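One structure is given below, encoded as structure tokens.
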Amino acid sequence: MRRPLAKVLMVAGFGGILAVGLAVGAFASSRTSPSPAATTSEITEPATTTSESMPGPAMSKSNLYVAAMDARAEVPAPKGASPRAGGAFALWLSHKGTKYSATWKLTFENLTGRAVAAHIHKGKSGVAGPVVVPLCGPCKSGQTGTKPISAATLAAIRTGGAYVNVHTAKNAGGEIRGQIR
């Protein structure tokens, strides 16, 4: 098993077999072309989960999104990043009434230094975009959290128009990146 695939499986594994399947699909699509088309599952009706914890085995396919991150996907290209730098991101969307939230888990390794921040950005593959959800700063691999998100951010995630990246002091614009699918 290739190392990046193992990381995605480890992060997404908390959701059971369904999450593993989605993670493998996201990883495969991120490796098959330099600019893959969005393959995000549509959420026909937001989930009614309101728990602050990470989702369990009863997750629905339509609420889980993943990203395999590496330095090659970052725009602009990071300086001095190891070819082994990478990570994985899993995102669970839920709502209560008209309020949406994203529960997430982030892992990474082989960065040029400490992870000073991680964000969800609005932007298509290959395009740098604005921060729409600050996740952590400083960040630790394996970190989890829950953040409120706007309807516009929800729409960007659903349509493949959002990505996650991790920033270091050496690469303040981002060192690794992955499109959320």
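Keep in mind that this is a model prediction, so the values were computed, not measured.
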Can you name the side chain to side chain contact (heavy atoms under 4.5 Å, CB included) partners of [X], sequence neighbours left out?
| X | result |
| --- | --- |
| Ala115 | Phe108, Leu111, Cys139, Val166 |
| Val116 | His167 |
| Val127 | none |
| Ala128 | Val75, Tyr163 |

(request) May I have all residue pairs that pass disulfide (SG to SG under 2.5 Å) and include part of residues 83-129, sequence neighbours excluded? (result) none
Closest non-hydrogen atom pair, [X] against [Y]:
| X | Y | value |
| --- | --- | --- |
| Ala162 | Ile157 | CB-CG1, 3.9 Å |
| Asn165 | Gly174 | ND2-CA, 3.9 Å |
| Gly173 | Glu74 | O-OE2, 3.8 Å |
| Leu106 | Cys136 | CD2-SG, 4.1 Å |
| Ala67 | Val164 | CB-CG1, 3.9 Å |

Is the side chain of [X] donor-acceptor paired with the backbone N or O of [Y] at a distance under 3.5 Å, no angle test?
| X | Y | answer |
| --- | --- | --- |
| His119 | His121 | no |
| Asn110 | Ser82 | no |
| Gln143 | Lys140 | yes |
| Asp70 | Arg72 | yes |

(message) Looking only at the side chains, is there a donor atom on one of Thr112 and Thr168 sitting less than 3.5 Å from an acceptor on the other?
(response) yes
(request) Check the side chains of Thr103 and Thr146 for a donor-acceptor pair under 3.5 angstrom, ignoring hydrogens and angles. (result) yes
Side-chain contact test, heavy atoms from C-beta onward, threshold under 4.5 Å: evaluate it for [X] versus [Y] and give yes or no.
| X | Y | result |
| --- | --- | --- |
| Lys79 | Asn171 | yes |
| Tyr65 | Leu93 | yes |
| Trp92 | Trp104 | no |

Would you give the length of the straight line joining atom [atom1] of [X] to atom [atom2] of [Y], rounded to the nearest 0.5 angstrom?
| X | Y | atom1 | atom2 | result |
| --- | --- | --- | --- | --- |
| Ile120 | Leu91 | CD1 | CG | 5.0 Å |
| Ile180 | Met69 | CD1 | CE | 9.5 Å |
| His95 | Ser101 | NE2 | OG | 9.5 Å |
| Lys170 | Glu175 | NZ | CD | 8.0 Å |
| Leu64 | Arg181 | CG | CZ | 14.0 Å |

(request) Just jot down the side chain to side chain donor-acceptor pair (under 3.5 Å) partners of Ser150, sequence neighbours excluded, or say none. (result) Thr153
